[in-house]
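Presented below is the structure to which this report refers.
In what follows, every chain begins at residue 1, and chains take the letters A, B, ... in the order their sequences are listed. Below, each value reflects all heavy atoms present in this structure, side chains not excepted, and no hydrogens, waters or symmetry copies. These figures come from a predicted structure and were not determined experimentally.
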2 protein chains.
Amino acid sequence: MSIIDAAASVFCREGFAGANIDLIAAEAGVSRQTIYNHHRDKEKLFTAVVRDLTERCNAGIFATFASFPDQPRDLEGDLIGFAVRMNQNCICNRDGRFLRKLIQTEGERYPELFGEWRDQGPGRTWPALAARFARLAHAGHLAVDDPDVAARQFLALANAELQTTFMLGGMPSEDEVLQSATHGVRTFLRAFGKRRSAAAVEKQLASA
Amino acid sequence: MSIIDAAASVFCREGFAGANIDLIAAEAGVSRQTIYNHHRDKEKLFTAVVRDLTERCNAGIFATFASFPDQPRDLEGDLIGFAVRMNQNCICNRDGRFLRKLIQTEGERYPELFGEWRDQGPGRTWPALAARFARLAHAGHLAVDDPDVAARQFLALANAELQTTFMLGGMPSEDEVLQSATHGVRTFLRAFGKRRSAAAVEKQLASA
DNA sequence: ACAAATTTAGACAGTCTTGTCTAATTCGTC
DNA sequence: GACGAATTAGACAAGACTGTCTAAATTTGT
């Protein structure tokens, strides 16, 4: 395991203050001195870890965006699939869990570092996702007024049932991810889906 | 400031490993020995802090539930008001931010302690909120199939635009909270609201 | 095979922290 | 005011960690 990977693992488990350079060295299979050779000190090592994780997570997110259903065949199923991939490949995977935890635990201690993350991460991914939803709306598949709001709400809904697990740093099962995504996308489409006319809605409500 | 409050503040800022008993003592305005008299050691102090925060947050949440719009006059406005109160009094306030951060940073280190939190916190508050939505649905104000899912999604939507701020441990402004709640509730009602004639509402209100 | 660069193990000083101990001081209550 | 309980300041031992240093071993490139 590389130094950065080992450091990410230990910083995550123990926090910055609790992390032990000897433990990182042992986990990386190198001597302590080698770590000090590559990274001047503990703090430099930490910032290198965060930058690396941000970069890798971003790459994963944009790779997943490539599978966004721009021309949906089955809108609900396609969006559920996208939400599941997003969760599995970007949010619940090793890098995603590590980065989230480091931001949560040490974010306040390194304002400029995590400001950088904010600009490079959410600052770039949210608008990119919003653009996808805007395109879907423009193509007549959705009734979305504010694509930025819709994008944030889409992710919030897709993760709604995983919040407690995320809080405790756990890894949700595949089934939990699918459940949450399914419920989330259904609600999203009840709000923004275009299939049913107002009249049809009235009719359905009347029969209910 | 009480020992527990000072300890909560320092544990939050520095993490468990980084927290310094001398600093807690200074912040609490007592001597170190007094802390050791009241709480056997650092770990006991930490668990006391988490239990105290859980209790106080729960009290706040159930107090806020009392203002849930069971007989809404203006459903959208009432739900927005409820979401804002929930955020301001339970999630964004001092206790809420502290508890969330401690769970995020140290949750994995104390499985039984945070299992207890899970049972006492989300385990009691989610069903209580779900029951409110079930009652709203039963009274004909909402079209909700699964109240548990609706309750989780309601909170997820209300907080959708505060996620990044929460991640970094920040405190959203009143305006941000209002914005997020407004957008969230509007989407929630687009998904679960019943578009009912004014006459029908009047009728139901009269009969209630 | 050789030379340069890198890595390694271990020792080391300096600093910090926890938890204990003691003796003096303050507080609460009668 | 007096007496017991609680609090305080400070010293202290024991242990942990960071970052440096040195000399030996290993890898790398040619």
[X] [atom1] to [N] [atom2]: how many Å, rounded?
X     : N      : atom1 : atom2 : value
B:L23 : C:dC16 : CG    : P     : 14 Å
B:D22 : D:dG10 : CG    : P     : 12 Å
A:I35 : D:dT18 : CD1   : P     : 10 Å
A:D41 : D:dC17 : CG    : P     : 17 Å
B:I21 : C:dC16 : CD1   : C1'   : 14 Å
A:F16 : C:dC16 : CZ    : C1'   : 15 Å
B:Y36 : D:dA9  : OH    : C1'   : 15 Å
A:E14 : D:dC17 : CD    : C1'   : 14 Å

| query | Bend angle of the helix from C:dA1-D:dT30 to C:dC30-D:dG1 from five-pair axes at both ends, rounded to 10°? | reply |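 So the angle between the two local helix axes works out to 40°.
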| query | With a non-hydrogen cut-off below 4.0 angstrom, is B:A19 in contact with a base, only sugar-phosphate, or nothing? | reply |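 Sugar-phosphate, no base atom in range.
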Decide whether [X] and [Y] meet the rule of one side-chain donor and one side-chain acceptor closer than 3.5 Å.
X      : Y      : value
A:S9   : A:E27  : yes
A:N37  : A:Q33  : yes
A:T187 : B:Q153 : yes

Side chain of [X]: nearest nucleotide among [options]?
X     : options               : value
A:R32 : D:dT8, D:dT18, D:dG10 : D:dT18
A:N20 : D:dC12, D:dC17, D:dT8 : D:dC17
B:N37 : D:dT7, C:dT18, C:dT8  : D:dT7

| task | Please examine the side chains of A:T165 and A:M171, heavy atoms only from C-beta on, and report whether any two atoms are closer than 4.5 Å. | result |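 They are not in side-chain contact.
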| query | Taking side chain as C-beta onward, heavy atoms only, is B:I3 less than 4.5 Å from B:H39? | reply | yes
| request: List the steps, then state whether salt bridge (Lys or Arg N to Asp or Glu O under 4.0 Å) holds for A:E76 with A:R186. | output: CA-CA 7 Å; A:E76 179 176 307; A:R186 285 207 186 122; 3.2 Å; yes
| query | OP1, OP2 of C:dT6 versus side-chain N and O of A:T34: anything below 4.0 Å? | reply | no
| query | Between A:H38 and C:dT6, does any side-chain N or O lie under 4.0 Å from OP1 or OP2? | reply | no
| request: Output every pair passing ring-ring contact (aromatic ring centres under 6.0 Å, His included) with a member in residues 71-107 of chain A, not counting sequence neighbours, ordered by first then second residue. | output: A:F68-A:F82
| Of A:Q33 and B:S31, the one whose closest DNA chain D nucleotide lies more 5' |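 Checking each residue's closest nucleotide, the 5'-ward one belongs to B:S31.
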